[in-house]
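The structure displayed is predicted, hence computed values, not measured ones. Residue numbers start from 1 in every chain, and the chains themselves are labelled A, B, ... in the order their sequence lines are given, proteins ahead of strands.
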Number of protein chains: 2
Amino acid sequence: MAEKAPKEMRLTKQRQAVLAALRSTDTHPDAAWVYQEVRQSLPGISLGTVYRSLAALVDQGLIQELPQEGKVLYDANITPHQHAVCTSCSRVFDLVLPPLDQLYREARRRSGFHSISAYRLDFYGLCQRCAAA
Amino acid sequence: MAEKAPKEMRLTKQRQAVLAALRSTDTHPDAAWVYQEVRQSLPGISLGTVYRSLAALVDQGLIQELPQEGKVLYDANITPHQHAVCTSCSRVFDLVLPPLDQLYREARRRSGFHSISAYRLDFYGLCQRCAAA
DNA sequence: AGTGCTACTAGTAACTATTACTAGTTACTG
DNA sequence: CAGTAACTAGTAATAGTTACTAGTAGCACT
């Protein structure tokens with residue numbers, strides 16, 4: 001599990017466009033959405049390139065992956081935060097909560113894991129729009 | 001999002017075998033593992049039946065789904081608990097932690113969700129075996 | 001501003017996990 | 001112990017993602 005030497009990464013126009021598209025929204029889009037979006041400025045881009053660009057940006061720590069129910073969503077917000085997922089419309093909302101320091105220590109103790117590098121906390125419920133309907 | 005009337009569910013030998021296989025382990029297997037396992041007692045079972053049985057058991061609340069990195073894992077432990085995921089070997093371990101009552105309220109307040117029905121908390125780190133290697 | 005190295009791209013095929021379809025079977029009700 | 005609807009095996013289809021290949025284009029160094 002050694003970190004691999006961060007090999008040179010070129011900032012091609014495709015990757016810039018993918019990053020810009022992700023940064024243009026506060027939703028949590030999937031690769032297909034990014035593809036549609038980026039095609040407006042780069043009509044010739046291929047879906048494979050979108051996937052590879054997303055992977056490269058994740059490697060560089062510029063974006064976050066958010067695996068969710070059979071697909072991967074992406075998030076340009078890389079500050080620590082959690083998510084609230086609507087069980088009806090599946091939209092994902094950002095949620096800033098105080099850090100789980102106590103629970104973190106407790107988790108390390110009870111899991112037997114020597115180190116815990118991260119956690120993920122998702123809440124599930126009905127968003128305002130779906131609760132109204 | 002209304003609960004659908006719980007329609008009659010038959011406890012066929014295929015479903016019993018799927019449930020028994022899941023209950024025989026404290027790991028968090030995927031459908032393919034269950035398929036291999038169940039084939040030892042029911043060699044003619046089809047993978048599709050395993051998927052449908054798992055879905056039926058989830059509907060009945062007898063098992064839990066645990067979507068994880070592009071596939072769905074299953075857990076026969078339906079008591080409330082969290083998970084510690086090894087970032088090296090991908091194994092998933094159960095982790096019992098005190099309930100997040102405070103954070104729960106905070107999440108409801110900050111998310112604007114009218115109700116929050118569940119949450120999911122995963123910790124990521126190196127399991128004992130992988131940390132030793 | 002050229003030249004060369006190598007990461008990159010488009011396009012397509014392949015792959016993995018899962019779901020849908022169909023004709024025949026079987027568990028439960030009466 | 002018969003009727004019927006939910007089920008099953010087998011196979012095809014689908015969704016999301018990754019791999020492959022031949023050509024392209026950033027970037028370092030003249």
Just by protein heavy atoms under 4.0 Å, how would nucleotides 22-30 of chain D read 5' to 3' in B, S and -?
-> ---BBS---
Base, sugar-phosphate, or nothing for B:Arg52, non-hydrogen atoms under 4.0 angstrom?
-> base
Mind checking whether A:His28 and A:His81 have parallel, tilted or perpendicular rings, split at 30° and 60°?
-> tilted
Hey, mind stepping through B:Tyr104 and B:Arg108 against side-chain hydrogen bond (donor to acceptor under 3.5 Å, both in side chains) and telling me if it holds?
-> CA-CA 6 Å; B:Tyr104 217 81; B:Arg108 189 164 48 222; over 6 Å; no
List the atom of A:Ile78, the atom of A:Gly61, and the distance in Å for their closest heavy-atom pair.
-> CD1-O, 3.3 Å
From CG of B:Leu54 across to C1' of D:dC7 the rounded distance in Å is 16 Å
Measure the acute angle between the ring planes of A:Phe93 and B:Phe113, then classify it against the limits of 30° and 60° as parallel, tilted or perpendicular.
-> perpendicular
Distance in angstrom units between A:Asp59 CG and C:dA7 C1', rounded = 14 Å
Which heavy atom in B:Ser88 sits nearest to a heavy atom in B:Leu126, and how many Å separate them?
-> CB-CD2, 3.7 Å
Separation of C:dT9 P from A:Tyr35 OH (nearest whole Å) = 14 Å
Sorted by number, residues from residues 37-47 of chain A placing a heavy atom under 4.0 Å from DNA chain C are A:Gly44, A:Ile45, A:Ser46
Heavy-atom closest pair (A:Ser53 atom, A:Val18 atom, distance to 0.1 Å) is CB-CG2, 3.9 Å
Side-chain N or O of B:Tyr51 closer than 4.0 Å to phosphate OP1/OP2 of C:dT18 = yes
Within residues 64-74 of chain B, the residues having a heavy atom closer than 4.0 Å to DNA chain C are B:Gly70, B:Lys71, B:Val72
Any donor and acceptor pair, going by atom type alone, linking the side chain of A:Ser41 with main-chain N or O of A:Val38 inside 3.5 Å?
-> yes
The side chain to side chain donor-acceptor pair (under 3.5 Å) partners of A:Arg23 (sequence neighbours excluded) come to none
For B:Asp30 and B:Lys71, what are the C-alpha separation, side-chain angles and deciding distance, and is it a salt bridge (charged side-chain N to carboxylate O under 4.0 Å, His left out)?
-> CA-CA 7 Å; B:Asp30 60 10; B:Lys71 59 167 49 171; 2.6 Å; yes
Under the salt bridge (charged side-chain N to carboxylate O under 4.0 Å, His left out) test, residues paired with B:Glu106 that sit two or more places apart = B:Arg109, B:Arg110
For residues 124-133 of chain B, the side-chain hydrogen bond (donor to acceptor under 3.5 Å, both in side chains) pairs (sequence neighbours left out) are none
